Novice: 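For reference, the structure I am asking about is given below.
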Amino acid sequence: MLAIRCRLPINSSRIVSAAGVITRKEQKRHASLTMETLNPLVKEVEYAVRGPIVIRAGEIEKKLKGSHNFPFDRVIRANIGDCHASGNQVPITYIRQFVAGCTYPELMKSSNFPSDIKSRVERLLSVCGGKSLGAYTESQGIITIREDIAAYIQQRDGYPSDPNNIYLCNGASDGIKTIIKLLMNNNLEKPSGIMIPVPQYPLYSATLSEYGAYQIEYYLDEGNNWALNIDELERALNQSKDRCVPRGMVIINPGNPTGQVLSRDNIENVIRFAHKHQLFVVADEVYQENVHLPGSKFFSFKKTLMDLGAPYNQMEMASFHSASKGWHGECGSRGGYYELINIDKDVRVQVNKLISACLCSTAWGQAVMAAIINPPKEGEPSYELYKQERSAVVNRLREKAELVGRLFNSVEGVQCNPVMGAMYAFPRIELPKKAIEHAKSKNMAPDAFYCFQLLEKTGICVVPGSGFKQSPGTHHFRTTILPPVDQMKDMVEKFRTFHLSFLREWK
Amino acid sequence: MANINPRVIKVEYAVRGPIVIRAGEIEKQIKEGQHNFPFDRVIRANIGDCHASGNQVPVTYIRQFLAGCTYPPLIDSSDFPSDIKQKVQRLLSVCGGKSLGSYTESQGLITVREDIAKYIQERDGYPSNPSDIYLCNGASDGIKTVIKLLMNNDPKKPSGIMIPVPQYPLYSATLSEYGAHQIEYYLDEDNNWALNIDELERALNQSKEHCVPRGIVIINPGNPTGQVLSRENIENIVRFAEKHRLFILADEVYQENTYLPGSKFFSFKKVLMDLGAPYNHMEMASFHSASKGWHGECGSRGGYYELINIDKDVRMQVNKLISASLCSAAWGQAMMGAIINPPKEGELSYELYKKERSDIVSRLKQKADLVSQLFNSVEGVRCNAVMGAMYAFPRIEIPEKAIQHAKSKNMAPDAFYCFQFLEKTGVCVVPGSGFKQKPGTHHLRTTILPPVDQMKVMVEKFRKFHMEFLREWK
């Protein structure tokens, strides 16, 4: 080892290098990137889904491998919407066969390789440079995939979709950041403002912090299944007008962390509101294939926009979808796309130019998206297995969605809105005053304090509601519904025990 | 257009810019049948894409590894090489649910980072810590992240980053997007595109009114220029950066593309460390990619950066920043994992890998040599040696009349030249103006990737076109 770092008392830290001893003070003299000079906007960024509590969960997991004092022997990770990791499912067979065939076409010579998947592979590779997934693709993504996505959207909505309006990206997160970037005005005094729901998926607040944009927070109505009230939208917008130039509005439907699936009416009203105020609609629809409860139906913003006719059907919007969710859950692939609707053609040229500088999104992610958006059809060799695998996943999710909402509601002092869609439950917890004071004395959000206690005492890792923002004075946490049914039941029982004991302790 | 982000409008990226769009249109027309072009195909020599250009097919063990990670039942087949099977199992063992479909740690899968750290350690002889390794969606993604850290968000005196001229236009595009100041330092064409310290000092001094200089980008081996910097040159740059407290961004994605005898790649990190104090405490980032080298897996968007001597609090901020996008493409990480840890002598897959790799490398070497020779044999064209990377960047003398004509059309003279070249021969290269260059000089960048025959044809077409062009615009 050339460099040894050793700890000395309190303020000094020494680094011994081959050339001699250098004290920390001298080292700082040469520093070109310190906390003082780091981009101040980067310091503002927070992302709770992989934040402090998750870091702590990782530390605990490490300790559990050896000798430890924890009253549990495993960490239950219910912090992130990752289907494969959580044990909700294994990968869908035809998807992996397809991607494997695209990766190593030799495989398809085997008689075992399903012929319907083989023709899909050949179709994709035929438009790749050198017939290889290792070539850069067009910046918007491979044409056959965009055609299939356009066909999917058209089938879903009954309105035409043009492959030229489809953009494949490195997961929806990447696309969302690109679109929000377009709306920025780079005016420090009166920055662009984007309306975001509270509670929200913290990619939005993180991105707006990173861009120095103004966050126009609109509260979802917990008493009404997390609906969007137009009065509340108007209030939020009006109050923001001094401080920003409102440019866009984010709607997450189905909702994350809140799990609501918006009614048709609600979507129509939101569209009318956005039109009235000339806001660009950012429709985060990545959970469009995660609708669980009977009576919940997904309505796409685009379809609703088009159905409303003029002038709404000319509004500019973007809709996002992802390979990470649904019944396929291929988070690691970073597959995703957005459709730009009614975009000015000159603006589109600018978008194309902007994305070209990073060349293209991951071709393997594009291939995963291709597989997902164009599954085997009835009569094809891979259809039966696909159908079976898909229903098993969907039924499991449905079962857990229903169960988890019910179980949380059976715990005293806990109220949980139904999990209509997406992958999370977001129960509201009443916290005793003493606990709230104690948390504040430790400079922690009360539900963060609560969740850390839950983690340390039961091994369950969930994300505090404060990580998603919430109505002041309320406390929540978000858990996924992804671990297997038994584990979920176990989790809620552990939670029940912990909660009652927490109430007693802080009475 | 009135209210789109004004910085987005400033972004340019010539490698996929107007001339490439035009090449695509021409290709379509040729495909559709009826056309008047005096050629029947477009030769795309605009982008460093090995598979697409026909330089090579994918390396076998890499694709077997990736296929095994994708669909593990494959590895149980008796055909599947056992050494690759083990590598697959090792990777999947650290994936959530043993699936590449899980989000990975935000910095990337631990086994891949361990292998990268080992690769770096072996290359340099200095320790490398997996905690300092960050997998990203291609080096481009990592470069944007690191540059972002250096931004100060002060529109009056923005952060300034030193970038070479000529440069790979991701840098100018990113700095435009971020509203940063571009401190341009000219590479020395007469001296194999070396970096002169006097020139660095000049550029820096002239920028001080307009910006707060924060970092310096060095592309080594160079793109588009193809130089491989001497050890001494690198040492001087390190001293310069230390003197001015600049963060070093070492774009080293072509570290495995060096061709000429006498061109040896020296990593910035190694040189930094060898120089001892105070240099060995300087902060820097080094970038590598799955897209180049002998593997050329551009579509995978595999890449990584190593953060060296970074303040620990800053590192926490970086980790927090990248966590919001969760992680880079797992398949790209697996790709990087395959590349950085190839079969070893004695292992089953070694012989085939060795053969495939040497074929690719010797082809590239052959073409690197051939192409600059051929360009230098054309009158009025001068091409520096292609020491490394994947491009030739010949300098062309353009007649005054043509220059005036181009200006009347609001085009850079070499852009006009390249468009003519495309329309008359079907060859698509990128004008030197897309990379910036010394005012009054004109260049074009071609890759050396098409097969040898095609490259020869290309240069002959170029020779003929160039002679005619000189005659036409005399």
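Only a predicted model underlies this, so the values are computations on that prediction, with no experimental measurement involved. We name chains A, B, ... by the order of the sequence lines, and we start the count at 1 in each one.
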Novice: Would you check if the side chain of N39(A) reaches a backbone N or O of N152(B) as a donor-acceptor pair within less than 3.5 Å?
Specialist: no
Novice: What residue in L133(A), N88(A), V245(A) has the most heavy-atom pairs under 4.5 Å with chain B?
Specialist: L133(A)
Novice: Go through P155(B), A324(B), S159(B) and name the one with the most non-hydrogen pairs under 4.5 angstrom from chain A.
Specialist: A324(B)
Novice: For M35(A), does the CE atom sit with more than 12 other heavy atoms under 6.0 Å from it, leaving out its own atoms?
Specialist: yes
Novice: At a heavy-atom distance under 4.5 Å, which candidate from P91(A), C83(A), G365(A), C360(A) has the highest pair count against chain B?
Specialist: C360(A)
Novice: Side chain from CB out, backbone as N, CA, C, O: work out which of these in L107(A) comes under 4.5 Å of a heavy atom of chain B, or both, or neither.
Specialist: side chain
Novice: Could you look at C102(A) and say if it's the side chain, the backbone, both or neither that has a heavy atom under 4.5 Å from chain B?
Specialist: backbone
Novice: At a 4.5 Å cut-off on heavy atoms, which part of S333(A) comes close to chain B: side chain, backbone, both, or neither?
Specialist: both
Novice: Tell me whether Q278(A) at atom CD has more than 12 heavy atoms from other residues, nucleotides or ligands lying less than 6.0 Å away.
Specialist: no
Novice: For K181(A), is it the side chain, the backbone, both or neither that has a heavy atom under 4.5 Å from a heavy atom of chain B?
Specialist: both
Novice: Heavy-atom count check: over 12 atoms from other residues, nucleotides or ligands less than 6.0 Å from K43(A) NZ?
Specialist: yes
Novice: Using a cut-off of under 4.5 Å on heavy-atom pairs, state which of A85(A), G212(A), G130(A) scores highest against chain B.
Specialist: A85(A)
Novice: If you count heavy-atom pairs within less than 4.5 Å of chain A, which of V318(B), D141(B), D79(B), L74(B) leads?
Specialist: L74(B)
Novice: Is it the backbone or the side chain of F80(B) that comes under 4.5 Å from a heavy atom of chain A, or both, or neither?
Specialist: neither
Novice: Non-hydrogen atoms of chain B under 4.5 Å away: do they reach the side chain of R77(A), the backbone, both or neither?
Specialist: neither
Novice: Are the side chains of E283(B) and I248(B) in touch, meaning some heavy atoms are under 4.5 Å apart?
Specialist: no
Novice: Would you check if there is a donor-acceptor pair between the side chains of S106(B) and R50(A) at a distance under 3.5 Å?
Specialist: yes
Novice: Go through I143(B), I9(B), L150(B) and name the one with the most non-hydrogen pairs under 4.5 angstrom from chain A.
Specialist: I9(B)
Novice: How long is the gap from OH on Y126(B) to NZ on K270(B), to the nearest 0.5 Å?
Specialist: 5.0 Å
Novice: Would you call K10(B) and E177(B) a salt bridge, using N to O less than 4.0 angstrom?
Specialist: no
Novice: Would you give the length of the straight line joining atom CG of L246(B) to atom CZ of R214(B), rounded to the nearest 0.5 angstrom?
Specialist: 9.5 Å
Novice: Looking at chain B, which one of S361(A), S86(A), A367(A), G335(A) has the largest number of heavy-atom pairs inside 4.5 Å, strictly under?
Specialist: S361(A)
Novice: Looking only at non-hydrogen atoms, find the nearest pair between T70(B) and A100(A) and report the distance.
Specialist: CG2-N, 3.7 Å
Novice: Is there side-chain contact between F280(A) and I179(A), with heavy atoms separated by less than 4.5 Å?
Specialist: yes
Novice: With a 4.5 angstrom heavy-atom cut-off, which part of F113(A) approaches chain B: side chain, backbone, both or neither?
Specialist: neither
Novice: Does any backbone or side-chain atom of D346(A) lie under 4.5 Å from a heavy atom of chain B? Answer side chain, backbone, both or neither.
Specialist: both
Novice: Assess the side chains of R334(A) and S322(A): does a donor N or O sit below 3.5 Å from an acceptor N or O?
Specialist: no
Novice: Picking from S102(B), G138(B), A330(B), G296(B), which has the most non-hydrogen pairs under 4.5 angstrom with chain A?
Specialist: S102(B)
Novice: Within this structure, what is the OH-NE2 distance for the pair Y94(A) and H328(A), rounded to the nearest 0.5 Å?
Specialist: 8.5 Å
Novice: Name the option with the most non-hydrogen atom pairs under 4.5 Å to chain B; the candidates are A135(A), G129(A), A363(A).
Specialist: A135(A)
Novice: Is it the case that the side chain of K320(B) and the backbone of V42(A) share a donor-acceptor pair, with hydrogens and angles ignored and the cut-off at 3.5 Å?
Specialist: yes
Novice: Does any backbone or side-chain atom of I80(A) lie under 4.5 Å from a heavy atom of chain B? Answer side chain, backbone, both or neither.
Specialist: side chain
Novice: Please flag which part of L182(A) lies under 4.5 Å from any non-hydrogen atom of chain B: side chain, backbone, both or neither.
Specialist: both
Novice: Looking only at heavy atoms and a cut-off of under 4.5 Å, which of S173(A), A206(A), C358(A) has the most pairs with chain B?
Specialist: C358(A)
Novice: Which bit of M335(B) comes within less than 4.5 Å of chain A, counting heavy atoms only: side chain, backbone, both or neither?
Specialist: side chain
Novice: Which atoms of S192(A) come close to chain B, meaning under 4.5 Å heavy atom to heavy atom: side chain ones, backbone ones, both, or neither?
Specialist: neither
Novice: Would you say the side-chain atoms of Q89(A) pair up with the backbone N or O of W327(A), donor to acceptor, closer than 3.5 Å?
Specialist: yes
Novice: Considering only heavy atoms and a distance below 4.5 Å, find which of N319(B), N5(B), I310(B) pairs most often with chain A.
Specialist: N5(B)
Novice: Please state whether the side chain, the backbone, both or neither of E138(A) comes within less than 4.5 Å of a heavy atom of chain B.
Specialist: backbone
Novice: Shorter than 4.5 Å, heavy atoms on both sides: which option in N137(B), L170(B), V20(B) has the most such pairs with chain A?
Specialist: N137(B)
